[in-house]
Amino acid sequence: MTDTLAIAPRFVIFSSYGNDSVALIQWAHEQNLEDVAVVFTDTGWAADGWMGRVEKAEEWAKSLGFVCHRTSSIGFRQLARKKKGFPTQRYQWCSYVLKIEPGLRWLEENDPNTRAVCLIGVRRQESQARESAPEWLPRSENHGGRVMLSPFADWVEEDRNVLIKHAGFEVLPHRSRECRCINANKSDMRGFSENDWKAVEKIEEEIGRPMYRPHRHLGAKGAKEMRKWANSSRGKYVAPNPSDAEAPDDFPDEDLFGCKPGWCE
Ligand code: SF4
């Protein structure tokens with residue numbers, strides 16, 4: 001899946017195959033774009049069942065005449081081992097190592113003349129952090145200086161959902177799950193399966209730290225407690241050791257580039 005393309009793509013969509021990605025692929029199809037490459041950024045840390053969706057969505061994208069690829073990276077587990085810790089909201093080095101760098105590498109290999117236009121599905125309405133997201137950039141640093149186009153920048157969710165329906169997909173009631181994200185909120189975690197929690201527990205045992213910060217989750221420390229917190233009503237969770245809610249963070253103090261719109265939903 002990482003072979004170099006015979007012909008450089010004219011358009012590149014980095015895709016997690018969540019709602020925004022599906023809508024963007026459908027948009028490219030309805031605009032009659034040609035020579036489109038759809039690239040899945042494989043973090044090696046997808047939630048239970050997500051890779052099945054990726055395969056299905058890749059088949060659909062291929063049926064539209066697009067070429068599908070996957071990037072490779074060290075993977076979330078190995079990255080945590082190497083760093084002897086987990087990324088955090090403040091020090092979110094995972095985004096660069098697992099997504100941006102592999103994406104840039106893919107672009108260098110497959111579009112050496114930097115002619116491709118990179119499409120992203122960011123909407124300003126999504127969050128405060130994205131409310132000033134540009135509609136286009138003549139040189140996007142996160143895309144190796146290529147032109148970046150964000151056709152949904154001013155769209156509302158309903159506009160996007162129309163495209164998802166055109167594509168024949170259901171609108172997912174949750175964010176994409178290509179990563180069991182360190183930014184997962186209560187609602188995301190309620191969607192974690194038994195296998196997801198086991199995977200979190202296993203990597204925590206190996207690394208010797210909780211993946212989610214206790215002080216941000218009423219003192220819930222470790223996968224088992226996080227699961228209870230996620231399934232509790234607002235304000236009802238009580239940690240076995242309430243002082244964990246006050247404990248300062250203890251993690252590697254390195255920030256590379258942080259989470260960038262269009263890479264980590
Ligand atoms: S989805 Fe979350 S855990 Fe995965 S790379 Fe992005 S910020 Fe990090």
Side-chain angles (χ1 to χ4, degrees), residues 13-22 24 39-51 53-54 57 70-106 118 120-123 126-130 133 140-143 172 174-193 195-204 206-207 209-213 216-217 222-223 226-227 230 249 251-265:
I13 298 173
F14 285 102
S15 173
S16 61
Y17 292 111
N19 284 330
D20 293 340
S21 301
V22 168
L24 194 54
V39 185
F40 175 67
T41 41
D42 192 353
T43 63
W45 190 235
D48 200 16
W50 192 257
M51 293 311 287
R53 176 181 170 93
V54 170
R70 296 184 189 184
T71 59
S72 59
S73 72
I74 181 174
F76 186 91
R77 282 189 191 84
Q78 193 54 24
L79 181 61
R81 286 178 194 127
K82 194 174 154 199
K83 298 278 188 184
K84 298 185 174 58
F86 297 103
T88 66
Q89 286 76 16
R90 192 167 161 214
Y91 297 110
Q92 201 167 282
W93 26 261
C94 48
S95 207
Y96 180 78
V97 178
L98 301 179
K99 295 188 170 181
I100 298 174
E101 187 281 328
L104 288 173
R105 195 161 19 95
W106 187 92
C118 296
I120 66 168
V122 168
R123 284 176 299 109
E126 278 175 84
S127 67
Q128 230 179 349
R130 293 179 180 185
S140 168
E141 290 311 314
N142 279 334
H143 298 96
L172 295 174
H174 54 75
R175 293 191 284 188
S176 71
R177 292 183 171 158
E178 84 287 5
C179 228
R180 299 177 189 98
C181 184
I182 49 117
N183 292 322
N185 58 28
K186 211 169 200 179
S187 141
D188 297 327
M189 287 184 200
R190 282 180 177 169
F192 281 12
S193 70
N195 287 341
D196 288 324
W197 285 115
K198 275 189 189 152
V200 174
E201 201 177 334
K202 192 158 175 268
I203 190 75
E204 284 181 337
E206 206 180 315
I207 303 300
R209 295 169 188 261
M211 181 167 141
Y212 296 99
R213 309 291 133 184
R216 295 176 70 98
H217 303 96
M226 278 302 298
R227 189 175 186 176
D249 272 331
F251 47 81
D253 58 349
E254 179 186 357
D255 190 11
L256 289 171
F257 290 78
C259 192
K260 304 291 185 196
W263 291 95
C264 288
E265 287 187 44

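Both counts, for ligands and for their atoms, begin at 1 and track the order of listing. In this text, all values refer to a predicted model and were calculated from it rather than measured experimentally.
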Quick one: which ligand 1 atoms are inside 4.0 Å of a heavy atom on [X]?
| X | result |
| --- | --- |
| Ile182 | 2 (Fe), 3 (S) |
| Lys99 | 1 (S), 6 (Fe) |
| Cys94 | 3 (S), 5 (S), 7 (S), 8 (Fe) |

### Query
Asp48 side chain to Asp196 main-chain N or O, any donor-acceptor pair under 3.5 Å?
no

#### Entry: Under 3.5 Å: donor-acceptor pair, side chain of Arg105, backbone of Ser72
yes

### Task
Take the angle between the ring planes of Trp106 and Phe14 and call it parallel below 30°, perpendicular above 60°, tilted in between.
perpendicular

### Task
Apply the test side chain to side chain contact (heavy atoms under 4.5 Å, CB included) to residues Val22 and Arg53: give CA-CA distance (whole Å), side-chain angles for both, the deciding distance (0.1 Å), then the verdict.
CA-CA 11 Å; Val22 168; Arg53 176 181 170 93; 3.5 Å; yes

### Task
Check whether any N, O or S atom of Cys179 sits under 2.8 Å from atom 4 (Fe) of ligand 1.
yes

### Message
Less than 4.0 angstrom from a charged side-chain N to a carboxylate O is my criterion; do Glu206 and Lys202 meet it?
### Response
no

#### Entry: Sub-4.0 Å heavy-atom contact, Thr43 with ligand 1
no

